[in-house]
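First the structure, in the form of structure tokens, and then the observations on it.
The shown structure was predicted, so the numbers you read here are calculated from the model rather than taken from an experiment. Computation of the quantities below employed the complete heavy-atom set of this structure, encompassing side-chain atoms and omitting hydrogens, waters and symmetry-equivalent molecules.
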Amino acid sequence: VPGHGGSDLPAHALTPKAYANMVRGALEALGVGHAVLVGNSMGGGISLAVAAMAPSVVAGLCLIGSMGPGAVTDPGFRAWMDGDNPLIPGPDDHEKFARLVMQKPPPVPKTVIAYVATQRAARADKLRRLFTQLISAEGDEAIPVDISGIACPIDIIHGQEDRVIS
């Protein structure tokens with residue numbers, strides 16, 4: 001999706017609703033009329049937004065370490081907009097970043113982990129802008145606060161050992 005990987009950020013804000021519309025558009029373009037959406041972290045919040053705006057399209061949700069309705073008001077998330085966001089490492093923070101995002105580091109050389117963190121650090125400005133747009137979205141542009149209208153089955157995987165997966 002735009003704003004991730006090597007893609008550029010578009011001129012318009014990438015709110016949860018904007019991402020949800022992209023998911024709906026992709027499902028429609030692929031001819032998928034009914035889908036189970038699996039969302040990790042931010043993807044969980046986007047999946048909730050899709051289910052809230054288009055319940056007939058969503059057969060079920062699997063939310064993994066998901067952002068939820070409280071994310072937009074959580075003081076910790078909001079503080080990350082103004083300060084040190086641990087999900088956006090500095091160029092020398094690759095070991096700290098790896099400990100944060102991985103329960104059990106994969107069996108790859110440390111240089112690979114350092115490369116991934118360094119690449120993420122190089123995109124710091126884009127990531128800060130993306131994160132701020134996501135968290136500061138309000139009203140119907142935000143992750144839905146009222147999810148009582150979502151009637152599909154929902155599996156929520158969230159616990160003490162969750163880590164952010166990048």
Side-chain angles (χ1 to χ4, degrees), residues 1-27 30 32 35-55 57-90 93 96-103 116-117 119-147 149-150 152 154-166:
V1 290
H4 289 77
S7 67
D8 292 328
L9 281 172
H12 63 83
L14 289 173
T15 63
K17 182 179 181 178
Y19 276 120
N21 283 326
M22 288 180 220
V23 171
R24 286 181 60 201
L27 292 172
L30 293 168
V32 177
V36 174
L37 301 180
V38 179
N40 175 69
S41 190
M42 181 183 93
I46 293 166
S47 296
L48 283 170
V50 174
M53 73 169 48
V57 174
V58 181
L61 295 171
C62 180
L63 309 176
I64 305 166
S66 175
M67 294 180 80
V72 295
T73 57
D74 182 271
F77 278 122
R78 292 193 98 48
W80 287 359
M81 289 191 314
D82 301 322
D84 183 31
N85 184 332
L87 300 178
I88 305 171
D93 293 336
K96 178 181 170 186
F97 178 71
R99 285 192 305 273
L100 174 68
V101 302
M102 292 181 272
Q103 170 78 21
V116 170
Q119 291 300 304
R120 192 168 176 93
R123 297 188 316 268
D125 289 340
K126 179 171 76 169
L127 292 170
R128 274 189 198 85
R129 193 169 135 219
L130 179 69
F131 189 83
T132 299
Q133 289 174 357
L134 183 75
I135 296 300
S136 63
E138 296 180 344
D140 73 340
E141 291 292 324
I143 294 170
V145 175
D146 180 8
I147 58 173
I150 298 175
C152 66
I154 303 174
D155 286 332
I156 300 173
I157 302 168
H158 198 87
Q160 184 175 345
E161 298 300 323
D162 279 355
R163 295 290 189 266
V164 176
I165 300 172
S166 177

Determine, stepwise, if the pair D140 / M53 fulfils side chain to side chain contact (heavy atoms under 4.5 Å, CB included).
CA-CA 9 Å; D140 73 340; M53 73 169 48; over 6 Å; no

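P144 and G45 make their closest contact through CD-O, 4.4 Å (heavy atoms, listed as atom of the first residue, atom of the second, distance). Annotation for R129 and A11: closest pair NH2-O, 4.4 Å, computed over non-hydrogen atoms. Residues A20 and I46 share a closest heavy-atom pair of N-CG2, 3.9 Å. Nearest heavy-atom pair across P16 and L134 is CG-CD1, 3.5 Å.
Between Q133 atom CD and E141 atom CD the span is 11.0 Å, to the nearest 0.5 Å. Here the straight-line distance linking atom CE of M42 with atom CG of L130 works out to 5.5 Å at 0.5 Å rounding. Separating the OG1 atom in T15 from the CD1 atom in I135 is a distance of 12.0 Å, to the nearest 0.5 Å. The distance from the NZ atom of K126 to the CZ atom of R120 is 10.5 Å, given to the nearest 0.5 Å. Distance check: L61 CG to I154 CD1 gives 5.0 Å after rounding to the nearest 0.5 Å.
Counting heavy atoms from C-beta outward, S47 and L63 have side chains that approach closer than 4.5 Å. Between L14 and M22 there is a side-chain heavy-atom pair separated by less than 4.5 Å.
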